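Order of the sequence lines sets the chain letters (A, B, ...), proteins ahead of strands, with each chain counted from 1. Computed from a predicted model, the values in this text were never measured in an experiment.
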Amino acid sequence: MTFRLYDTATREVRDFVPLQEGRAGLYVCGLTVQSEPHVGHVRSGVNFDVLQRWLRHLGYDVTFIRNVTDIDDKILTKSAEQGRPWFNLAYAMHRELDRAYAALNVAPPTYEPAATGHVPEMVELIADLIDRGHAYAAEDGSGDVYFDVRSWSSYGELTHQGIDDMEPATDADPRGKRDPRDFALWKGWKQESEPETASWPSPWGRGRPGWHIECSAMAGKYLGPAFDIHGGGVDLRFPHHENEQAQSRAAGRPFASYWMHNAWITTAGEKMSKSLGNSLTIPNVLEDYRGIELRYYLVAAHYRSHVEFSHQALEEAAVGFRRIELFLERAGVTEAGDLPQAFVDAMNDDLGTPAAVAVLFDVVREGNRADDATPYAGQVLAMLDVLGLNPADPAWAGGRGQQDDKLKSAVDALVAGLLDERAKARDAKDWARADAIRDQIKQAGIEVEDTPTGPKWSID
RNA sequence: GGUGGGUUGGCCGAGAGGCGAGGCAACGGACUGCAAAUCCGUCUACACGGGUUCAAAUCCCGUACCCACCUCCA
């Protein structure tokens, strides 16, 4: 079976046929770095990381571009509220995002371009659009430049909407727009309310980029006028992706062949909006769960399915994942084997991670049943590698590894004496004494279990 | 008004005309001095009302409820 994926534009699962054999160009809309990343934000990071890994597994030479939007209205508003420069806020949140990705073993993309670093490319594209008659400088002297949606007959094709069916933007300032649905390519500098540092020179006066233009410009720069896959969250379909496609194609660039959109994580049935507070920020969640457990929770759901976040569900997922880890520990295998065909089929079917995870557990069970778990453990490792969930991956060590080791050997020394005593009691069939010692250790939060190779302890 | 998605067992979460996904929890059994871990088994679900079909969670029609997007949200 070849790799198939659901294309939002055609609303069907299609065979993946790259523009160039053996190569895959992937552009994903990253985040606007304006607040601490929460669980919902990193979902797309994890989802597209799995895509990237799978494409690589399939042998593609992948160029993966994931941008960062480091200038926009919200960044300006928030930084003003916090009394610090916008670039300070954006950079701080960018670093926070990097930490979150690292904690979840989201591999860095090939390149992570930032909007502010690509103003010349945007200006070039905007000028081209004006030349072609698809954009115009606002006549009200605001310095804005708008895309003329009426000039582009296939506007709305990505989201299958007709211009006249769209709700006129009541909240947006119509300013110098010819049609209320025209969107900003360039935003003139508002001297009275915006810092000069948030403006760049352009043929239309100082200003800053509109939201959508950056992605068209950067995708074009790093992936060329046509590339394979464009991804992002469902909310970006409209207007962001619709506009990206319109302005790119209006400039004569074919743009993306496939569109992939990941679904939301909701809390209490509601969109996990940035205004809901910070209880589910990555640093907060990682106080209670390991990164690998959170990643497993995110990978176990299909990328196009809503996930209703709950601590109970995350807890259950973590328990389930530990089952896999325990199996690997017991097997003591470190060499990855081959992927089971059922796993490959699941992944090829639009990244069917839920079915893939089911295969994972099937193999764990078979391995637990078998006399020799080695071949099964090898398969499990191979599957975990593809999903970015291999516990042995150094990415999970974080900065705590060394201290954990020291702690472990200290506890080991303390527990060893007690276990020794317990062994003597057991030899003498003094079960009461043996159980008392085990209880005593458990009081300290350490679980003792007897295995064929002797007792083992683990932190509860 | 337009566009898209959803409603599955105690819980989470797949599937998309016939064959019990998987996980968590619970219960029973095996193993164990007792446990733990592991294995085996049990719990046979698809919002509601119609319809099509030999056969519907899956297709069609209708209803209810939920969510998202409609010009700077992952």
Side-chain angles (χ1 to χ4, degrees), chain A residues 8 11 28-32 34 37-45 47-48 69 71-75 146-147 149 156 159-172 177 180-184 187 209-214 231-240 242-243 261-266 269-275 297 300-302 304-308 310 312-321 323-324 326-327 330 342 346 352-362 364-365 367-369 426 429-432 434-435 438 447-451 455-456 458:
Chain A
T8 314
R11 298 174 180 159
V28 171
C29 288
L31 298 186
T32 299
Q34 47 120 349
H38 61 225
V39 175
H41 288 134
V42 297
R43 183 181 191 186
S44 81
N47 285 158
F48 288 106
T69 298
I71 182 68
D72 89 319
D73 286 355
K74 281 190 178 160
I75 292 173
Y146 296 109
F147 183 85
V149 296
T159 48
H160 309 97
Q161 302 179 85
I163 295 183
D164 295 314
D165 292 330
M166 292 174 195
E167 204 169 70
T170 48
D171 55 330
K177 289 183 183 182
R181 297 160 193 90
D182 289 350
F183 56 90
K187 307 180 77 152
W211 177 32
H212 319 296
I213 198 70
E214 61 176 277
V234 273
D235 59 319
L236 296 178
R237 275 176 322 192
F238 193 89
H240 187 53
E242 186 72 68
N243 291 353
H261 291 99
N262 63 278
W264 292 106
I265 295 182
T266 56
E270 296 285 317
K271 177 178 175 176
M272 193 178 287
S273 122
K274 288 166 182 171
S275 58
Y297 174 66
H302 188 86
R304 282 193 288 122
S305 294
H306 275 252
V307 168
E308 171 66 22
S310 78
Q312 193 201 335
L314 177 52
E315 177 63 34
E316 283 177 9
V319 170
F321 187 73
R323 198 168 119 81
I324 299 171
L326 283 174
F327 166 71
R330 257 179 267 124
T353 52
V357 167
V359 174
L360 189 52
F361 277 100
D362 286 342
V364 167
R365 187 181 307 104
N368 275 325
R369 199 159 34 195
R426 293 184 74 208
K429 298 211 188 301
D430 183 355
W431 310 126
D435 289 352
R438 186 169 60 192
E447 199 88 53
V448 171
E449 51 184 282
D450 295 315
T451 73
K456 265 188 57 183
S458 57

So is the aromatic ring of A:W431 stacked onto the base of B:G33, judging by whether the centres are under 5.5 Å apart and the planes are under 30° apart?
yes
Separation of B:A26 C1' from A:E316 CD (nearest whole Å)
12 Å
Gap in Å between the two C1' atoms, one belonging to B:G50 and one to B:A64, rounded
15 Å
Regarding A:S305, tell me which of base, sugar-phosphate or nothing describes its non-hydrogen contacts under 4.0 Å with the strands shown.
sugar-phosphate
Which listed nucleotide (B:C70, B:C24, B:A21) is nearest to the side chain of A:P239?
B:C70
Starting at atom NZ of A:K429, determine the distance to atom C1' of B:U32, rounded to an integer number of angstrom.
12 Å
Remember a base hit wins even if backbone is also touched, and classify A:F238 as base, sugar-phosphate or nothing at under 4.0 Å, heavy atoms.
base
Mind calculating the distance between CG (A:D362) and P (B:G20) to the nearest angstrom?
15 Å
For the side chain of A:A358, counting heavy atoms from C-beta on, which of B:C69, B:G33, B:G22 is nearest?
B:G22
Both distances under 3.5 Å, Watson-Crick or G-U wobble: report the partner of B:U42, or none.
B:A26
How many Å lie between CG on A:L360 and P on B:C24, as a whole number?
12 Å
State whether the side chain of A:R43 and the backbone N or O of A:N262 hold a donor-acceptor pair below 3.5 Å, judged by distance alone.
no
Mind checking the P distance from B:G17 to B:U7? Whole angstroms is fine.
16 Å
Would you say the side chain of A:N368 lies within less than 4.5 Å of the side chain of A:F327, judging by non-hydrogen atoms?
yes
Interatomic distance at C1', B:C48 relative to B:A56, whole Å
16 Å
To the nearest Å, give me how far apart CG (A:N243) and P (B:U71) are.
10 Å
Rounding to an integer number of angstrom, what distance separates B:A45 and B:G10 when you compare their C1' atoms?
12 Å
Between B:C43 and B:G22, how far is it from one P atom to the other, in whole Å?
14 Å
To check you understand the geometry: which heavy-atom pair defines the closest contact between A:P354 and A:H302, and what is its length?
CG-N, 3.4 Å
Between B:G49 and B:U44, how far apart are the two C1' atoms, rounded to whole Å?
24 Å
Would you mind building the protein contact string for nucleotides 2-9 of chain B? One character per nucleotide, 5' to 3', B for base within reach (heavy atoms under 4.0 Å), S for sugar-phosphate only, - for untouched.
BSS-----
Rounded to whole Å, how long is the line connecting atom CG of A:D235 with atom C1' of B:U71?
13 Å
Whether A:R237 side chain and A:V234 backbone form a donor-acceptor pair below 3.5 Å:
yes
Could you tell me how the ring of A:F147 sits relative to the ring of A:F183: parallel (under 30°), tilted (30 to 60°) or perpendicular (over 60°)?
parallel
Distance in Å, A:D72 CG paired with A:E214 CD, rounded so as to fall on 0.5 Å steps
8.5 Å
Tell me the interatomic distance from A:D435, atom CG, to B:G33, atom P, rounded to whole angstroms.
12 Å
Pairwise C1' distance for B:G2 and B:C12, with rounding to whole Å
34 Å
Distance check, C1' atoms only: B:A16 and B:A21, in whole angstrom units.
13 Å
Name the nucleic acid region contacted by A:E315, choosing base, sugar-phosphate or nothing; use a 4.0 angstrom heavy-atom cut-off, strictly under.
nothing
Provide the closest heavy-atom pair for A:V149 versus A:D182 in the form atom of the first, atom of the second, distance.
N-OD1, 2.9 Å
Atom CG of A:N262 to atom C1' of B:A68: distance rounded to whole Å?
13 Å
Report which part of the nucleic acid A:H261 touches: base, sugar-phosphate, or nothing (heavy-atom distance under 4.0 Å, all strands).
nothing
For side-chain contact (heavy atoms from CB on, under 4.5 Å), just list the numbers for A:K74 and A:T32, CA-CA rounded to whole Å, side-chain angles, deciding distance to a tenth of an Å, and then say yes or no.
CA-CA 9 Å; A:K74 281 190 178 160; A:T32 299; 5.5 Å; no
Considering Watson-Crick and G-U wobble pairs with both distances under 3.5 Å, what does B:A55 pair with?
none
Any side-chain donor paired with an acceptor under 3.5 Å for A:T159 and A:Q161?
yes
RNA chain B nearest-nucleotide lookup for A:A263 and A:S310: closer to the 5′ end is A:S310
Applying the 3.5 Å cut-off to both distances, the Watson-Crick or G-U partner of B:A64 turns out to be B:U7
Shortest non-hydrogen separation from A:A346 to A:A356 and the atoms involved:
CB-N, 3.6 Å
When every nucleotide of nucleotides 35-46 of chain B is labelled 5' to 3' by its protein contacts under 4.0 Å (heavy atoms), B for base, S for sugar-phosphate only, - for none, what sequence of letters results?
BBSSSS------
Trace of the side-chain contact (heavy atoms from CB on, under 4.5 Å) decision for A:W211 with A:D73:
CA-CA 9 Å; A:W211 177 32; A:D73 286 355; over 6 Å; no
Residues A:T451, A:R330; criterion side-chain contact (heavy atoms from CB on, under 4.5 Å); working and verdict:
CA-CA 10 Å; A:T451 73; A:R330 257 179 267 124; over 6 Å; no
For RNA chain B, whose closest nucleotide is more 5', that of A:R43 or that of A:A317?
A:A317
